[in-house]
Amino acid sequence: DAKTTQPPSMDCAEGRAANLPCNHSTISGNEYVYWYRQIHSQGPQYIIHGLKNNETNEMASLIITEDRKSSTLILPHATLRDTAVYYCIVRLYNFNKFYFGSGTKLNVKP
Amino acid sequence: EPEVTQTPSHQVTQMGQEVILRCVPISNHLYFYWYRQILGQKVEFLVSFYNNEISEKSEIFDDQFSVERPDGSNFTLKIRSTKLEDSAMYFCASSLGSDGNQPQHFGDGTRLSIL
């Protein structure tokens with residue numbers, strides 16, 4: 001799997017958009033970009049994934065650059081409950097395991 | 001929304017004892033996984049399971065570990081003779097398929113404490 005680089009921590013004001021960056025400059029053409037989060041010691045929670053196109057669901061939006069070397073997870077209106085560690089993972093098409101890095105600790109502040 | 005459930009939420013066991021961690025994957029999912037997270041460390045892949053066989057395992061998953069799908073709904077992880085270093089959160093996950101376009105959905109874990 002391609003290596004990802006994320007900032008170790010970020011702050012965001014409650015109600016504002018949280019934009020979490022991820023670099024994956026060695027990504028190959030058939031690797032998907034996945035985002036998970038882990039709130040306290042709970043299990044990783046799936047957020048969103050994409051291959052080339054931008055994606056949106058009820059939780060978040062995923063913006064992937066045209067060269068696919070980086071992506072941004074957007075939480076449009078962050079709440080205190082969004083405080084968590086966010087993991088950006090790139091996953092080979094035929095690999096059925098995830099490698100979790102250290103992620104970004106997002107602190108949403110009132 | 002369907003979810004992966006794990007029991008117990010916390011298991012305390014004496015070193016050297018056997019322990020079985022239980023998981024009920026999402027009902028129409030076909031692929032099952034175990035991961036673990038030692039306190040303060042990263043989430044690590046242990047094993048994947050499909051069609052009643054292990055499809056992949058990590059170097060952590062040695063002969064002390066085994067997995068089983070004893071019936072149509074449960075998926076278990078057994079540690080035969082526990083060691084202190086087995087203390088961790090153990091997460092079960094399941095997915096509909098194994099290709100890159102299929103997310104894995106995780107349970108909330110079992111905290112295993114070895115005394």
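In what follows, every chain begins at residue 1, and chains take the letters A, B, ... in the order their sequences are listed. Because the structure is a prediction, the values reported are computed rather than measured.
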K.L.:
Quick check: are there more than 12 heavy atoms from other residues, nucleotides or ligands sitting under 6.0 Å from CG of B:D62?
P.N.:
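Check passes, neighbour count above 12.
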K.L.:
Using the rule given for side chain to side chain contact (heavy atoms under 4.5 Å, CB included), can you reason through B:Q104 versus A:R91, listing the C-alpha separation, both sets of side-chain angles and the distance that settles it, and then say yes or no?
P.N.:
CA-CA 12 Å; B:Q104 294 178 14; A:R91 181 185 179 200; 4.0 Å; yes
K.L.:
Is the shortest heavy-atom distance from the side chain of A:Q38 to the side chain of B:F91 under 4.5 Å?
P.N.:
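Yes, their side chains come closer than 4.5 Å.
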K.L.:
Measure distances from B:Q37 to the heavy atoms of chain A and classify the residue's part below 4.5 Å as side chain, backbone, both or neither.
P.N.:
side chain
K.L.:
Determine whether more than 12 heavy atoms belonging to other residues, nucleotides or ligands lie under 6.0 Å from atom CG of A:L80.
P.N.:
yes
K.L.:
Which atoms of B:Y50 come close to chain A, meaning under 4.5 Å heavy atom to heavy atom: side chain ones, backbone ones, both, or neither?
P.N.:
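Neither the backbone nor the side chain of B:Y50 comes within 4.5 Å of chain A.
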K.L.:
Is it the case that more than 12 heavy atoms not belonging to B:R111 sit under 6.0 Å from its CZ atom?
P.N.:
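Result for CZ/B:R111: open.
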K.L.:
Is it the case that the side chain of A:Y99 and the backbone of B:V43 share a donor-acceptor pair, with hydrogens and angles ignored and the cut-off at 3.5 Å?
P.N.:
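No; judged by distance alone, with no hydrogens or angles, the pair does not exist.
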K.L.:
Compare all side-chain heavy atoms of B:Y33 with those of A:F98 and state whether any distance is below 4.5 angstrom.
P.N.:
no
K.L.:
Say whether B:I79 and B:M15 are linked into one hydrophobic cluster, either directly or through other cluster members, by side-chain heavy-atom distances under 4.5 angstrom.
P.N.:
yes
K.L.:
Verify the cluster assignment for B:L21 and B:L84: are they in a single hydrophobic cluster under the rule of side-chain heavy atoms below 4.5 Å apart?
P.N.:
yes
K.L.:
Does atom NE2 of A:H77 have more than 12 heavy-atom neighbours from other groups under 6.0 Å away?
P.N.:
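Check fails, neighbour count at 12 or below.
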K.L.:
Heavy-atom count check: over 12 atoms from other residues, nucleotides or ligands less than 6.0 Å from B:K83 NZ?
P.N.:
yes
K.L.:
Rounded to the nearest 0.5 Å, what's the gap from OG on B:S55 to NZ on A:K97? Could you check?
P.N.:
10.0 Å
K.L.:
Chain B contacts: which residues in residues 39-49 of chain A have a non-hydrogen atom closer than 4.5 Å to it?
P.N.:
A:S41, A:Q42, A:G43, A:P44, A:Y46, A:H49
K.L.:
Among residues 100-110 of chain A, which residues come closer than 4.5 Å to chain B, judged by heavy atom distances?
P.N.:
A:F100, A:G101, A:S102
K.L.:
Just wondering, more than 12 heavy atoms not from B:E53 lying within 6.0 Å of its CD?
P.N.:
no
K.L.:
Could you state whether A:M59 and B:V4 fall into the same hydrophobic cluster, counting links through intermediate Ile, Leu, Val, Met, Phe, Trp or Tyr residues with side-chain heavy atoms under 4.5 angstrom apart?
P.N.:
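No, A:M59 and B:V4 fall in different hydrophobic clusters.
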K.L.:
Is it the case that one hydrophobic cluster holds both B:V47 and B:Y35, taking links as side-chain heavy atoms less than 4.5 Å apart, direct or via other members?
P.N.:
no
K.L.:
Work out which heavy atom in A:Y36 is nearest to a heavy atom in B:F106; give both atom names and the distance.
P.N.:
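Between these two residues, the closest heavy atoms are CE2-CE1, 3.7 Å.
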K.L.:
Do the side chains of B:M89 and B:F61 join up, straight or via other hydrophobic residues, at under 4.5 Å, putting them in one cluster?
P.N.:
no
